[in-house]
Participant: 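This is the structure I have questions about; it appears just below.
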Amino acid sequence: MGIDRKHVLIACAIAGAVLGLMLAVLQAAGPFPTSDLHGMPTGASRSTGFMLAMAPLLAAWGFTIHLRCSDAQIARYLKANAALCVAWLLIVTLKYPTGNDHLVSIMWYLYYVPMLLTSTFSLFSAMRASALDRMPITSYAKRAVLAIDAALIALVLTNNLHHMVFRFSFDDPLWSGSYTYGPGYWVVLGWIIAQIALFFACSFAAARRQLRSAFAPMALIVGVLGTYTVLYILRFLIGSNLALVYSVLLISCLEIALDLGILPSYYWRESMFSALPFNLRILSRAGEVALHTALFQPSAHDEAPHSMLLQSDLPRRSIRSFRTTAVPHTLFRGYNVTGGSALLAEDVATIDERREMLERQQDSLRAHNDLLKHRHAIDSVLYRTQQERALIDEIEQTLAAKTRRIDELLSGLPRGNDPQSVAQRRERLTEVKLLIAYCKRKGGLVLAGKSDPAFNRERLQLVFNETAADLRTLGIDCAAFVDVKRVLPASTVSVLYDCLYDFAAAAFAATDPILMLFVSDGPETGKGPDAQRRRRVVEMRAALEAGESPQSEGYMRSLEELRGVLERRNVRFTLDIAPDGATLAVQVSEEEGAV
């Protein structure tokens, strides 16, 4: 709202206030006195012309409310105020000519019906504008306000019975001007003032920040009304027409609230529709634009969406969304309305731009994902090749060492046939047999890596059982048990072979040996994203018991060779060596078992 418009509103408010004061002064000391009627003052009769002119104006104002106010409930409240003001003027016009004191007093009491209800309906309008009526407690508050109004109206209308509002006696010919105020009057006045204050509080809450400075004209109107009320109570303006002055000031205040936008108002329905913040148009059944908002800009491409909407034959209470290449980056929504259809156009250029950006990102991510899959496949093949090569190198080194040991044993065989030479020859040949079996198993891993690289439980159990049977034929009490529930890679089996045969060699070199072997799935290990891979662990536990006599050099050599192999492989193990036995606990994972 521009500064010029504010100045105009302030000027109108001042003019309204001055008009109200002039009406009050002219009525109180008018230049056309008339004769008394039954000894009563006739100030009201001097304003009859004003009332006859004001009544049609109030009715016309109520009709404009029906056209301007966009909220039906607020419009009903404001039209009720206009009707109450017209009824009030009618009561004042008919009051004194009746000539009956009791009837005059009742019509006087009827003044307070519009006085109470107009302030109540104004308060309800402000509550509606500030959205307070959406709260559940508001309905109870409105009922309470109406109940208080009804009680006060009943109190005033029954004043002739108790004189708690106005105190006078019908025996006094001048009773209509010589009354005094009772406690009920101050209650009624206080309640009206409270409702006016609540009206301003709710209106202030409903107004936007830029409109709150415009409350000055309304405050000026209320100030004039308050001044007039005080002077009227003090009998300085007792002869003025309270109904006329109150109606003028009330309607002026409500009109300012409507014009400022504190209460919802549009000059015409078309203006209200045009002000909607949407690109919306109403089409007739023939496809012509009957009504449109200010955001709608006609163009040569409007025919395409119009024809698509008309051909869709929308059922009642349905919505159709569609797009057309004739109007790019626009989403149309069609609604079925009485007598035609409504077409809403939404600018979706930003959404289209984001969708295109997301599609480009998705294509880029899809290509990157394919590249990662291809790279992963290459890395997997390279990793398997490296593992196989490392396993072959390790087996070659081990076999070379074992072959040298076999050559040493065979070249050093005793030649004699005495019992000692035969025993030594038998011992060496037995060790050669174990070394040859070891070389056979290790060499088989190379072939298994090409044909069947996975070792299941049955295959591993067979190897351990064959070795245990060979050891028992050599006088070693041995037992082996395998409880593995999945297949194992060749690198893991290679570690298990080293543990098996090195312990077997140590047992062969010990006195009265007892060897126990157990292979099983180990406990879960690993944390974080790689936990699923690190969890694949195999555990081997071995125990060797021997006599207390000093052990041979081969006993210690075999176990130390096993320690060196395990340390090079960086597996988790514990190996305790003693003259009377040894224990081993080793955990091998697929990653750790691979060289």
Participant: Between Asn369 and Arg366, does a side chain to side chain contact (heavy atoms under 4.5 Å, CB included) hold up when you go through it step by step?
Facilitator: CA-CA 5 Å; Asn369 187 41; Arg366 190 179 291 110; 5.5 Å; no

Participant: Under 4.0 Å between a Lys/Arg side-chain N and an Asp/Glu carboxylate O for Arg76 and Asp71?
Facilitator: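 Salt bridge between Arg76 and Asp71, a charged N being under 4.0 Å from a carboxylate O: no.
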
Participant: On a heavy-atom basis, which atom in Trp61 and which in Leu78 lie closest, and how many Å separate them?
Facilitator: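 Looking at all heavy atoms of both residues, the closest pair is CZ3-O, 3.7 Å.
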
Participant: How about His306 and Arg281: does a side-chain donor come under 3.5 Å of a side-chain acceptor?
Facilitator: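 A donor-acceptor contact under 3.5 Å links the two side chains.
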
Participant: Side-chain contact, heavy-atom cut-off 4.5 Å: Asn279 with Glu346?
Facilitator: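 Side-chain contact under 4.5 Å: no.
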
Participant: Would you say the side-chain atoms of Thr118 pair up with the backbone N or O of Asn81, donor to acceptor, closer than 3.5 Å?
Facilitator: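 Absent.
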
Participant: Do the non-hydrogen side-chain atoms of Leu343 and Pro305 ever get within less than 4.5 Å of each other?
Facilitator: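 A side-chain contact exists here, since the closest heavy-atom pair is under 4.5 Å.
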
Participant: With a 4.5 Å limit on heavy-atom distance, are the side chains of Leu146 and Phe124 in contact?
Facilitator: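 Yes, at least one pair of side-chain atoms sits under 4.5 Å.
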
Participant: Looking at CD of Glu288 and CD1 of Ile282, how far apart are the two atoms once the value is rounded to the nearest 0.5 Å?
Facilitator: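 It comes to 14.5 Å.
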
Participant: Counting only heavy atoms from other residues, nucleotides and ligands, does the tally under 6.0 Å from CG of Leu358 exceed 12?
Facilitator: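 Buried by this count: over 12 neighbours within 6.0 Å.
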
Participant: Does Phe332 reach the side chain of Arg323, with side-chain heavy atoms less than 4.5 Å apart?
Facilitator: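 They are not in side-chain contact.
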
Participant: Is a donor on one side and an acceptor on the other found under 3.5 Å between the side chain of Ser105 and the backbone of His102?
Facilitator: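 Looks like yes, one N/O pair under 3.5 Å.
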
Participant: Evaluate the side chain to side chain contact (heavy atoms under 4.5 Å, CB included) criterion for residues Ile153 and Leu116: first the C-alpha distance (whole Å), next the side-chain angles of each, then the deciding distance (0.1 Å), finally the verdict.
Facilitator: CA-CA 8 Å; Ile153 290 173; Leu116 286 167; 3.6 Å; yes

Participant: Do the non-hydrogen side-chain atoms of Arg375 and Ile378 ever get within less than 4.5 Å of each other?
Facilitator: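 Not in contact.
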
Participant: Does CZ belonging to Phe322 count more than 12 external heavy atoms closer than 6.0 Å?
Facilitator: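 Counting neighbours around CZ of Phe322, more than 12 heavy atoms of other residues, nucleotides or ligands fall under 6.0 Å, so yes.
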
Participant: For the residue pair Phe121 and Leu254, establish whether any side-chain heavy-atom pair is separated by less than 4.5 Å.
Facilitator: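 No, their side chains stay 4.5 Å or more apart.
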
Participant: Between Ala82 and Gly62, what is the shortest heavy-atom contact and its length?
Facilitator: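 In terms of heavy atoms, the two residues are closest at CB-CA, 4.1 Å.
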
Participant: Going by atom types only, do Ser321 and Arg333 share a side-chain donor-acceptor pair under 3.5 Å?
Facilitator: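 Note: Ser321 and Arg333 side chains meet the donor-acceptor criterion.
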
Participant: Under 4.0 Å between a side-chain nitrogen and a carboxylate oxygen: does that hold for Asp352 and Arg355?
Facilitator: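 Here Asp352 pairs with Arg355 in a salt bridge, since their nearest N and O are under 4.0 Å apart.
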
Participant: Before giving the answer on side chain to side chain contact (heavy atoms under 4.5 Å, CB included), spell out for Asn160 and Ile106 the whole-Å C-alpha distance, their side-chain angles and the decisive distance to 0.1 Å.
Facilitator: CA-CA 9 Å; Asn160 289 341; Ile106 295 299; 4.0 Å; yes

Participant: Just how far is it from atom CG of Leu258 to atom SG of Cys69, taken to the nearest 0.5 Å?
Facilitator: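 Rounded to the nearest 0.5 Å, the CG-SG separation comes out at 6.5 Å.
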
Participant: Distance from Met127 atom CE to Phe199 atom CZ, nearest 0.5 Å?
Facilitator: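 Atom-to-atom, Met127:CE and Phe199:CZ are 12.5 Å apart.
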
Participant: Quick check: closest heavy atoms across Ser247 and Leu58, and the distance to 0.1 Å?
Facilitator: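 Heavy atoms of Ser247 and Leu58 come nearest at CB-CD1, 4.4 Å.
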
Participant: For the residue pair Tyr111 and Tyr109, is the inter-centroid distance of their aromatic rings smaller than 6.0 Å?
Facilitator: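 So the answer is no for these two rings.
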
Participant: Taking the side chain as C-beta and beyond, is there a heavy-atom pair between Phe168 and Thr180 under 4.5 Å?
Facilitator: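 No; the side chains remain at least 4.5 Å from each other.
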
Participant: Of all heavy-atom pairs between Leu89 and Ala55, which one has the smallest distance, and what is that distance?
Facilitator: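 Leu89 and Ala55 have their closest heavy atoms at CD1-N, 4.1 Å.
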
Participant: Do the side-chain N and O atoms of Asp347 and Thr330 include a donor-acceptor pair separated by under 3.5 angstrom?
Facilitator: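 No - no donor-acceptor pair under 3.5 Å links their side chains.
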
Participant: Is the backbone of Gly223 close enough, under 3.5 Å, to the side chain of Thr227 for a donor and an acceptor to pair up by distance?
Facilitator: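 Answer holds: yes.
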
Participant: Return yes when atom OH of Tyr140 has more than 12 non-hydrogen atoms of other residues, nucleotides or ligands closer than 6.0 Å, and no otherwise.
Facilitator: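 Not buried by this count: 12 neighbours or fewer within 6.0 Å.
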
Participant: Using modelled atom types and a 3.5 Å cut-off, is there a donor and acceptor pairing between side-chain atoms of Thr350 and backbone atoms of Val348?
Facilitator: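 Absent.
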
Participant: Could you walk me through whether Phe296 and Leu280 satisfy the side chain to side chain contact (heavy atoms under 4.5 Å, CB included) test, starting with their C-alpha distance in whole Å, then the side-chain angles of each, then the deciding distance to 0.1 Å, before giving a yes or no?
Facilitator: CA-CA 6 Å; Phe296 169 69; Leu280 181 64; over 6 Å; no

Participant: Do Ser119 side-chain atoms and Ile196 backbone N/O form a donor-acceptor pair below 3.5 Å?
Facilitator: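 Not at all, since once roles are kept as given, no pair shorter than 3.5 Å links the two residues.
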
Participant: With no hydrogens and no angle check, just 3.5 Å: does a side-chain donor-acceptor pair link Ser122 and Gln195?
Facilitator: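 Distance-only check fails for Ser122 and Gln195.
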
Participant: What's the spacing between Ile148 CD1 and Leu152 CG if we round to 0.5 Å?
Facilitator: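 The CG atom of Leu152 is 7.0 Å from CD1 of Ile148, to the nearest 0.5 Å.
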
Participant: Any donor-acceptor pair under 3.5 Å linking the side-chain atoms of Thr158 with those of His162?
Facilitator: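 Checked: His162/Thr158 side chains pair up, N/O donor to acceptor below 3.5 Å.
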
Participant: Please report the closest heavy-atom contact between Val92 and Ala243, naming both atoms and the distance.
Facilitator: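 Taking Val92 first and Ala243 second, the nearest heavy atoms are CG2-CB, 3.6 Å.
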
Participant: Measure the spacing between CD1 of Ile65 and NZ of Lys79 and express it to the nearest 0.5 Å.
Facilitator: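 Here the rounded value is 9.0 Å.
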
Participant: Which heavy-atom pair separates Trp88 from Met115 by the least distance, and what is that distance?
Facilitator: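 Closest heavy-atom pair between Trp88 and Met115: CH2-CG, 3.2 Å.
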
Participant: Quick one: pull up CD in Glu255 and CD1 in Ile221 and give me the separation to the nearest 0.5 Å.
Facilitator: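 Result: 11.5 Å between the selected atoms.
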
Participant: So do the side chains of Asp521 and Val537 get within less than 4.5 Å of each other, counting heavy atoms only?
Facilitator: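 With C-beta onward as the side chain, the pair stays apart.
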
Participant: Taking the ring centre of each residue, are Phe166 and Tyr112 less than 6.0 Å apart?
Facilitator: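 So the answer is yes for these two rings.
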
Participant: With no hydrogens and no angle check, is any side-chain donor or acceptor of Asp149 less than 3.5 Å from a backbone partner on Leu117?
Facilitator: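 Answer holds: no.
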
